[in-house]
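Heavy-atom basis, side chains included; hydrogens, waters and symmetry copies ignored. Every chain is numbered from 1 and lettered A, B, ... according to where its sequence line falls, protein lines coming before strand lines.
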There are 2 protein chains.
Amino acid sequence: MKYTVNKLSKLSGVSISAIRFYDEIGLLKPTCRGENGYRYYEQEQLFLLQQILFFRELGFQLSDIQKIIGSNDFDKVAALGSHKRVLLQNIKRTKELVNTINKTILYLKGKTTMKNEELYYGFNSEKQASYEKYLIDISKVSPDVIYESKEKIKNWKKADWDRCHSEGDKLNKEFAVAIENDLDPASETVQQLVKRHYEWIKNFWTPTKHTYIGLSNLYSEHEDFKKFYERYNSHMIEFLVKAIKIFAEENLS
Amino acid sequence: MKYTVNKLSKLSGVSISAIRFYDEIGLLKPTCRGENGYRYYEQEQLFLLQQILFFRELGFQLSDIQKIIGSNDFDKVAALGSHKRVLLQNIKRTKELVNTINKTILYLKGKTTMKNEELYYGFNSEKQASYEKYLIDISKVSPDVIYESKEKIKNWKKADWDRCHSEGDKLNKEFAVAIENDLDPASETVQQLVKRHYEWIKNFWTPTKHTYIGLSNLYSEHEDFKKFYERYNSHMIEFLVKAIKIFAEENLS
DNA sequence: GCTTGACTCTCAAGTTGCTTGATACTTTAC
DNA sequence: GTAAAGTATCAAGCAACTTGAGAGTCAAGC
C-alpha cells in the first residue's frame with residue numbers, strides 16, 4: 001500500500017506541510033517519487049514516522065532524532081522500550097504536577113502553608129532528567145544524574161552514534177569473555193575493562209564514585225537493562241556490579 | 001521577599017531570557033523596577049508564573065495565556081481545577097501511548113497483527129480534544145466534541161474574554177431567578193433563556209441536538225461544574241438539564 | 001578604595017519547527 | 001470535459017525563545 005502525503009497525514013495526524021518538511025530536512029524521506037513528482041510512503045516509513053513522533057513527544061530536537069534514527073544499529077524494539085520507560089516517568093511527573101495543584105489550591109484557600117519552591121514541583125527537574133536519561137538510555141545506560149551529557153551529545157553526528165554504540169557492544173562482549181574465563185572482578189584484566197567502561201560512560205556524563213556505583217545498581221534493578229546485559233552473559237549484571245564497585249572504590253572520589 | 005531574574009529563574013526553572021521575554025511581551029511584568037533598572041518580582045508574580053507554566057504545559061500559546069490570565073475575573077482556584085482535569089486526561093493519553101508501544105512491540109516481534117492507524121493511537125486526537133475542551137472549561141463549560149472553538153477564540157482579546165465571562169454569569173443568574181419563581185423548564189421565558197445559552201455556547205462551538213444534551217449531562221456528572229452551577233441555585237443543574245433537553249428536541253437536529 | 005567576578009540591562013540577530021501563500025502542474029469525480 | 005481536490009516548489013512569515021555584543025551595577029575580599 002502506497003501512501004501519498006495526504007493519506008499519510010490523515011493516518012498519522014501529522015500535517016502535510018510537516019511531512020514535506022521532514023522530507024526536506026532528510027528526517028523522513030518517501031519510499032519513492034512518482035513520475036509526477038508525488039511523494040509515496042510505504043510500511044517502513046509508517047514505523048519510522050511513529051518513532052519520530054515518540055521522540056518528538058519526548059521533547060527531542062529533530063536533528064537529534066535524525067542522528068539516533070539514522071544510526072546503523074538503531075533498534076526499534078529497544079527504542080520502544082525506552083520510550084515506554086520515559087512515558088511512564090512522565091506519568092509520574094504529571095502526577096506530581098497534580099499534587100502541586102492540590103497543594104496550591106489548599107494554600108490559596110488558606111488551609112495550609114507552602115514554600116515558594118513547591119509552586120514549581122514537577123515542572124522542571126524531572127522533565128530535564130528524563131530527557132538526558134533518555135539519551136543515555138538509547139545507548140543502553142541510564143544514570144541518576146546527568147548534566148554534561150546534553151552539551152556533549154548535542155553535536156554528535158550519525159557516525160558518532162554508530163561508533164559509540166559499537167564501542168559499547170565490543171566492551172560488553174569482552175566482559176562476557178572475562179566471565180566465561182572465570183576471571184576475578186578484582187583482576188587487573190577486568191579492572192582495565194571497567195576503566196574502559198568508565199571512559200565510555202564519560203561520553204555522556206562523568207560519574208563520581210557514588211554515582212558510578214549507583215549506575216551499576218541501576219543495571220540490576222531495571223528490568224530492561226537486566227535483559228539487555230544478560231543477552232551477553234547470564235551473570236553479566238552481578239559481575240559488572242562487583243567489578244564497578246571495586247574500580248570506583250579504588251579510583252574515584 | 002523580592003526576586004531578581006536570577007532568583008526567579010532558579011526557583012521556577014524558567015530561563016532568565018524567557019523571564020525577560022515574558023516581560024517584554026507583557027505576559028509577566030515584574031512587580032517593580034529598581035533605580036538600576038533591575039526587575040524585581042514578588043509573591044503575586046510567583047503564582048502568576050505558576051499559572052503560565054501550567055497553561056504552557058498544556059500547549060497553550062503565550063498570546064492565549066495572556067488573554068485568559070489577563071481576564072478580569074480570572075479565578076486562580078478554578079483554573080487550577082481545570083489544569084488538574086486536563087493533566088489527568090493527559091495521563092490517560094500517555095497510557096494510551098504506552099499501550100500503542102506494547103502493541104507495536106508485539107507486532108514487530110510478529111506475535112500479533114496491527115492496523116496501520118493503530119500505530120498512531122494516542123498521538124493526536126486526545127491531545128487536541130483536551131486543548132479545546134480546556135478553552136471551554138475555562139469559561140466553565142466542557143463539551144465532548146469541539147472543532148471550531150480554537151479558530152474562533154484564537155483572535156479574542158482580553159475584552160472578549162471578559163465580555164463572554166460576564167454574559168455567562170448574567171445568564172446563569174437569570175436561570176436562578178427563573179427557578180426561584182418556579183417557572184416551568186418548558187415555559188416560553190425559560191426556553192428564551194436556553195436559546196441565549198445556546199447562542200453563548202456557540203461562542204466556542206456549535207452543538208447539535210445530541211451534543212447539546214450531552215453537554216447538559218456533563219454538567220451534572222462533573223463534580224466541578226456541579227459545584228460551579230449550584231453556587232447560583234441548588235437545583236440549577238436538574239433545571240438546566242430539563243430545559244436544555246426540551247430546547248434541543250424542539251429546535252436542533 | 002579598588003579590583004574582580006557575578007549579575008544586571010538593552011537591543012539585534014539567529015534558531016527551530018513548522019505554516020502560509022503564490023504559482024503551477026496532475027489526478028479524480030461527476 | 002471541466003471543476004474540484006490534490007500535488008509540487010519556493011519564499012516568506014511566525015512563535016518562543018536563545019545567543020551575543022556592549023555596557024552598567026553590586027558584593028566580597030584585599
Polar side chain donor-acceptor pair, B/T31 to B/E44, under 3.5 angstrom: no
Closest listed nucleotide, where the reference is the side chain of A/R20 and the choices are D/dT7, D/dT25, C/dT19: D/dT7
Which listed nucleotide (D/dT18, C/dT19, D/dG6) is nearest to the side chain of A/N6? D/dG6
So what does A/R39 hit on the nucleic acid, given a heavy-atom distance under 4.0 Å: a base, only sugar-phosphate, or nothing? sugar-phosphate
B/I25 CD1 - D/dA15 P separation (whole Å): 10 Å
Output the rounded distance in Å from CD (A/E24) to P (D/dT7). 17 Å
For A/K7 and D/dT7, what is the distance between atoms NZ and C1' respectively, to the nearest whole Å? 13 Å
What is the separation between atom CD on B/E57 and atom P on D/dA16, rounded to the nearest whole Å? 15 Å
Whole-Å distance separating the CG atom of A/N36 from the P atom of D/dT7: 10 Å
Atom-to-atom span, CG of B/D23 to C1' of C/dT8 - whole angstrom: 13 Å
Determine, step by step, whether B/Y3 and B/Y41 satisfy the ring pair (Phe, Tyr, Trp, His ring centres under 6.0 Å) criterion, reporting the C-alpha distance in whole Å, the side-chain angles of both residues, the deciding distance to 0.1 Å, and the verdict. CA-CA 5 Å; B/Y3 291 88; B/Y41 297 85; 8.7 Å; no
Would A/E24 and A/K29 satisfy salt bridge (charged side-chain N to carboxylate O under 4.0 Å, His left out), going step by step from the backbone distance to the final call? CA-CA 8 Å; A/E24 192 185 325; A/K29 290 271 174 201; over 6 Å; no
Distance, rounded to the nearest Å, where B/R33 contributes CZ and C/dT10 contributes C1': 9 Å
Selected nucleotide, minimal atom distance to B/Q61 side chain, candidates C/dG17, D/dA16, C/dC9: D/dA16
Within the supplied structure, the quantity of interest is the number of heavy atoms (other residues, nucleotides, ligands) at a distance under 6.0 Å from B/K2 NZ; does it exceed 12? no
Would you mind telling me which of C/dT27, C/dT19, C/dC18 lies closest to the side-chain atoms of A/R56? C/dC18
Please determine if a side-chain N or O atom of B/T4 lies less than 4.0 Å away from the OP1 or OP2 oxygen of C/dC7. no
May I ask you to check whether A/Q50 and B/T104 show a side-chain donor-acceptor distance below 3.5 Å? yes
Select from B/L62 and B/Y40 the residue whose nearest nucleotide in DNA chain D is closer to the 5' end of that strand. B/L62
Nearest to the B/Y22 side chain among D/dC17, D/dT25, C/dT20, which nucleotide is it? D/dC17
A/I16 CD1 to D/dG6 C1': how many Å, rounded? 8 Å
